[in-house]
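All chains are named by letter (A, B, ...) in the order of the sequence lines, taking the proteins before the strands, and each is independently numbered beginning at 1.
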Number of protein chains: 2
Amino acid sequence: MSTAPAGNRSGRSVSRQVLADHVYEELLASLMDGRLEPGTAVSIDGTARDLDVSPTPVREALARLEHTGMVRRVALKGYRVAPLFTREDFAELMEARLAIEPVNARLACERMTPGQLAELEEAVSDLKKAPRGPSFAEYRDYLEADERFHRLIAEHTGNQFMVSAYSALGGQVQRFRLFGGVGITDAEYAISEHQAVLDALEAGDPDAAAEAMAEHVRRVRGRAIADAPAD
Amino acid sequence: MSTAPAGNRSGRSVSRQVLADHVYEELLASLMDGRLEPGTAVSIDGTARDLDVSPTPVREALARLEHTGMVRRVALKGYRVAPLFTREDFAELMEARLAIEPVNARLACERMTPGQLAELEEAVSDLKKAPRGPSFAEYRDYLEADERFHRLIAEHTGNQFMVSAYSALGGQVQRFRLFGGVGITDAEYAISEHQAVLDALEAGDPDAAAEAMAEHVRRVRGRAIADAPAD
DNA sequence: GACGGGGCATTCCTATAGGATTTGTGTATG
DNA sequence: CATACACAAATCCTATAGGAATGCCCCGTC
């Protein structure tokens, strides 16, 4: 660290945040919006240099990220971004979503407060407003709102374990949205499906909410399989 | 490190395993069989001294463990074993198990090979043979077989994401078996319920397998609520 | 006897050093 | 021209040092 201290020993004590947390957030963001493509090696020393920190916090952040499935670690070879899905992986992911997300929708419907419902409405609204241009940068807002909608439903179950279960999937879902063949054409259909889920939640009908969510996941699966690239 | 190097720099190159892995396994075992009770602080430097390693691998192992929910981390205060469940936590855990484990049983039933079925039979057999004396040490074998049964079903779904989802719960389930009020008396009933799940799997009836698993979880919930201690 | 302050130990956190191994490159040889 | 070897660079992994903050205990004072 020669030129830029960039640390915190001289600055004010904003240092009340651990560097490993910062590194984790930074890497997660890079993974979520596609800056780090599947298969890329994530060098410990390298990212340490990039972020102007020592390898130790990077090591800790990567250990946490590994458990999300977004990076893989080989014992003495280092970390690399988890490889692209095969068709089988995608089928497994959708199967798992079908098991978990309709339950989340049902539970959320039974317990949601008006304020939480408003958050969901905002997510769907953002989804509709988000630009869906051909460029990645614009598409990002759409993806963010999509992910937010599903995550909020998981959180509004009030069940910490369902949140954990969804989180185990959520990152992979996001990665698939980016690289798995679901393209921008998906958006037109997906918006109405999200709206259907929201309608059922607003109506307070748990069965309908679960079914609408299940239908959404099935349709995502169907669209992706239709125009999925080769393995 | 004054007296015992205990490391690997002098020994033969068995060092082809990373120390952090060893520390992780060690801590996990301590958590799973009750040597580390809820609320206990897990000092980084302390465990490093205990295991004759430096703090760096311990730090990495704990970062991984945190994601399992078995230890909690407070930003600049360190790690401690996750606290005991409240009744609400327990209800949430059972709700999540009801959402996930019957699905696992159904999928496993549809796809399981004879060899995998034999593994399950062995787990149930071990469950019956395991001593259920009043001492913790003896009870351990029973708990291990119980956990193994459920984990094998998750793995035999052939769906890596359902395995992840179960893993997010599995550790907590095990911790609850130890500390949550489900006592040895549970064993007598649970064995027949496990047998019922196994019977359905052997019969190749997915619906029955899912229902048997759901019934098992519901009964575990019922028994625990019956004689649960106060919060 | 009760309360407050100072020093010491512990602990977390980050940086740095160095050993072991792999990888890549350049050169010499068949 | 292709192959093999050697050296250099990068990388992972572990240990150690030291700063910053917290907690604890003892002691002096009211």
Side-chain angles (χ1 to χ4, degrees), chain A residues 1-27 36 39-67 71-82, chain B residues 1-27 30 36 39-67 70-82:
Chain A
M1 225 191 262
S2 52
T3 62
N8 43 20
R9 57 177 154 292
S10 64
R12 61 197 187 287
S13 72
V14 176
S15 77
R16 296 300 73 197
Q17 194 198 10
V18 180
L19 279 191
D21 292 338
H22 173 65
V23 176
Y24 181 86
E25 300 290 342
E26 203 69 28
L27 285 174
L36 283 174
T40 309
V42 183
S43 151
I44 295 176
D45 293 344
T47 49
R49 281 191 298 271
D50 291 346
L51 300 179
D52 260 325
V53 297
S54 80
T56 311
V58 176
R59 188 169 282 278
E60 195 172 327
L62 282 171
R64 284 189 234 166
L65 270 171
E66 187 199 1
H67 219 284
V71 299
R72 290 208 196 299
R73 159 176 167 275
V74 183
L76 292 164
K77 309 259 298 179
Y79 293 85
R80 52 183 52 239
V81 181
Chain B
M1 229 192 264
S2 52
T3 62
N8 44 19
R9 57 178 152 292
S10 65
R12 61 200 188 288
S13 72
V14 176
S15 76
R16 293 302 71 196
Q17 194 198 10
V18 180
L19 278 192
D21 292 337
H22 174 65
V23 175
Y24 180 86
E25 300 291 342
E26 203 70 29
L27 285 174
S30 295
L36 283 174
T40 309
V42 182
S43 152
I44 295 176
D45 293 344
T47 48
R49 282 192 297 273
D50 291 346
L51 300 180
D52 260 325
V53 298
S54 81
T56 312
V58 175
R59 186 170 284 278
E60 196 172 327
L62 281 170
R64 283 188 235 166
L65 270 171
E66 186 199 3
H67 219 282
M70 303 187 67
V71 299
R72 290 208 197 298
R73 159 176 167 274
V74 183
L76 293 163
K77 309 261 298 180
Y79 293 85
R80 52 183 52 239
V81 182

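The phosphate of C:dT14 has neither OP1 nor OP2 within less than 4.0 Å of any side-chain N or O from A:S54.
Put simply, CZ on A:R73 is 10 Å from C1' on D:dC13, counting in whole angstrom units. Residue A:R80 contributes atom CZ, which lies 13 Å from atom C1' of C:dT23 at whole-angstrom precision. Rounded to whole Å, the distance from CG on A:L62 to P on D:dT11 is 14 Å. Between the CG atom of B:D21 and the C1' atom of D:dC13 there is a distance of 11 Å, given to the nearest Å.
Applying the side chain to side chain contact (heavy atoms under 4.5 Å, CB included) test to B:S43 and every residue at least two apart in sequence or in another chain returns B:D45.
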Enumerate donor-acceptor pairs with a distance under 3.5 Å from any side-chain N or O in residues 59-66 of chain B to protein atoms, sequence neighbours excluded.
from: B:R59; atom 1: NH1; to: A:E60; atom 2: OE1; distance (Å): 3.3
from: B:E60; atom 1: OE1; to: A:R59; atom 2: NH1; distance (Å): 3.3
from: B:R64; atom 1: NH1; to: B:D21; atom 2: OD1; distance (Å): 3.0
from: B:R64; atom 1: NH2; to: B:D21; atom 2: OD1; distance (Å): 3.2

Next item on the list: Before giving the answer on side-chain contact (heavy atoms from CB on, under 4.5 Å), spell out for B:V53 and B:E26 the whole-Å C-alpha distance, their side-chain angles and the decisive distance to 0.1 Å.
Entry: CA-CA 12 Å; B:V53 298; B:E26 203 70 29; over 6 Å; no

Hey, what are the protein-to-nucleotides 8-12 of chain C N/O distances that come in under 3.5 Å?
from: C:dT11; atom 1: OP2; to: B:R49; atom 2: NH2; distance (Å): 3.3
from: C:dC12; atom 1: OP1; to: B:I44; atom 2: N; distance (Å): 3.2
from: C:dC12; atom 1: OP2; to: B:I44; atom 2: N; distance (Å): 3.2
from: C:dC12; atom 1: OP2; to: B:D45; atom 2: N; distance (Å): 3.4

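Looking at heavy atoms from C-beta onward, B:T47 lies out of side-chain contact with B:V23 at the 4.5 angstrom threshold.
Atom CG of B:L19 and atom OG1 of B:T56 lie 10.0 Å apart (nearest 0.5 Å).
No side-chain donor-acceptor contact under 3.5 Å links A:R72 to the backbone of A:A82.
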